[in-house]
Amino acid sequence: QVQLVESGGGLVQAGGSLRLSCAASGRTFSNLVMGWFRQAPGKDREFVAAISGRADRTLYADSVKGRFTISRDNAKNTVSLQMNSLKPEDTAVYFCAADFSFSLTMPSPDYWGQGTQVTVSS
């Protein structure tokens with residue numbers, strides 16, 4: 001079993017930055033593909049970014065490429081999402097996810113965090 005706890009959400013003006021963090025406990029962290037998803041009001045949950053267990057591969061949604069950076073620290077069992085140049089359309093609840101498959105697309109993550117709200121004002 002893996003427990004995921006997100007932190008770092010909040011309110012920011014357009015063009016600003018936020019850093020989300022996710023702390024994982026449970027099974028061997030470095031075996032997990034870790035990712036971030038988001039869900040805006042009235043919309044489906046969507047993939048944002050993912051990183052491989054050894055941090056040698058990353059994948060980003062086109063909508064965040066060049067603005068967001070995913071990273072991980074296997075010694076601390078954490079994964080982070082640095083979000084720069086934020087836009088109002090980035091407003092959503094952001095979820096940390098973990099998966100034991102090797103696919104960065106994370107079609108069906110095994111574990112989810114509870115989510116953290118990110119609100120970008122115009």
Side-chain angles (χ1 to χ4, degrees):
Q1 194 74 347
V2 175
Q3 293 80 43
L4 303 174
V5 179
E6 302 100 333
S7 61
L11 173 65
V12 64
Q13 288 188 334
S17 299
L18 277 176
R19 186 177 181 87
L20 305 182
S21 293
C22 174
S25 61
R27 300 177 62 179
T28 305
F29 183 71
S30 60
N31 289 343
L32 294 164
V33 170
M34 299 297 299
W36 291 93
F37 290 72
R38 66 186 182 186
Q39 187 167 19
K43 295 188 177 181
D44 293 335
R45 191 173 298 188
E46 64 175 2
F47 172 83
V48 174
I51 186 167
S52 62
R54 297 181 180 179
D56 55 348
R57 296 178 296 133
T58 57
L59 182 67
Y60 296 92
D62 288 343
S63 58
V64 306
K65 202 172 293 184
R67 299 188 298 123
F68 291 11
T69 302
I70 189 170
S71 60
R72 66 189 295 160
D73 185 337
N74 286 347
K76 296 182 178 179
N77 283 17
T78 59
V79 61
S80 298
L81 185 69
Q82 178 66 42
M83 305 185 294
N84 298 329
S85 302
L86 282 161
K87 304 174 182 180
E89 51 263 44
D90 294 318
T91 295
V93 177
Y94 283 70
F95 297 89
C96 179
D99 194 48
F100 282 106
S101 76
F102 292 103
S103 173
L104 291 184
T105 61
M106 303 186 76
S108 183
D110 296 311
Y111 303 98
W112 293 94
Q114 83 287 353
T116 185
Q117 178 70 46
V118 171
T119 302
V120 184
S121 62
S122 57

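The residues of the chain are indexed from 1 along the displayed sequence.
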**OP:** Could you check if a side-chain atom of Glu6 sits within less than 4.5 angstrom of a side-chain atom of Tyr94, using non-hydrogen atoms only?
**Re:** no
**OP:** Kindly indicate whether the side chain of Met83, heavy atoms from C-beta on, has any atom under 4.5 Å from the side chain of Val48.
**Re:**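 Side chain of Met83 against side chain of Val48, heavy atoms only: no contact under 4.5 Å found.
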Can you tell me how far the [atom1] atom of [X] sits from the [atom2] atom of [Y], to the nearest 0.5 Å?
| X | Y | atom1 | atom2 | result |
| --- | --- | --- | --- | --- |
| Leu86 | Arg67 | CG | CZ | 6.5 Å |
| Met34 | Ser71 | CE | OG | 11.5 Å |
| Ile70 | Leu81 | CD1 | CG | 6.0 Å |
| Asn31 | Ser52 | CG | OG | 12.0 Å |
| Asp110 | Leu32 | CG | CG | 8.0 Å |
| Asn77 | Cys22 | CG | SG | 10.0 Å |

At their closest point, which heavy atom of [X] faces which heavy atom of [Y], and how far apart are they?
| X | Y | value |
| --- | --- | --- |
| Gln39 | Lys43 | NE2-O, 3.1 Å |
| Ala55 | Arg72 | CB-CG, 3.9 Å |
| Val33 | Ala50 | CG1-CB, 4.4 Å |
| Leu20 | Thr116 | CD2-CG2, 4.0 Å |
| Gln82 | Ser17 | NE2-CB, 3.9 Å |
| Ala40 | Ala92 | N-CB, 3.8 Å |

Original post:
Salt bridge or not for Asp90 and Lys87, using N-O below 4.0 Å?
Top reply: no
**OP:** For the pair Asn74 (side chain) and Gly53 (backbone), establish whether a donor and an acceptor sit closer than 3.5 Å, ignoring hydrogens and angles.
**Re:** yes
Original post:
Would a distance-only check, ignoring hydrogens and angles, find a side-chain to backbone donor-acceptor pair under 3.5 Å from Ser21 to Ser80?
Top reply: no
**OP:** Could you list all the ring-ring contact (aromatic ring centres under 6.0 Å, His included) pairs where at least one residue sits in residues 30-72, not counting sequence neighbours?
**Re:**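 Pairs touching residues 30-72 that pass the test: Phe37-Phe47, Phe37-Trp112.
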Same cluster (ILVMFWY, side-chain, under 4.5 Å), [X] and [Y]:
| X | Y | value |
| --- | --- | --- |
| Val118 | Val64 | yes |
| Leu59 | Ile51 | no |
| Val79 | Phe100 | yes |
| Phe29 | Leu4 | yes |
| Leu18 | Val93 | no |

**OP:** Compute whether any side-chain donor of one residue and acceptor of the other, for Thr119 and Gln117, lie under 3.5 angstrom apart.
**Re:**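 Yes.
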**OP:** Might you confirm whether atom CG of Asp44 has over 12 heavy atoms from other residues, nucleotides or ligands at distances under 6.0 Å?
**Re:**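 Atom CG in Asp44 is not crowded, with 12 or fewer foreign heavy atoms closer than 6.0 Å.
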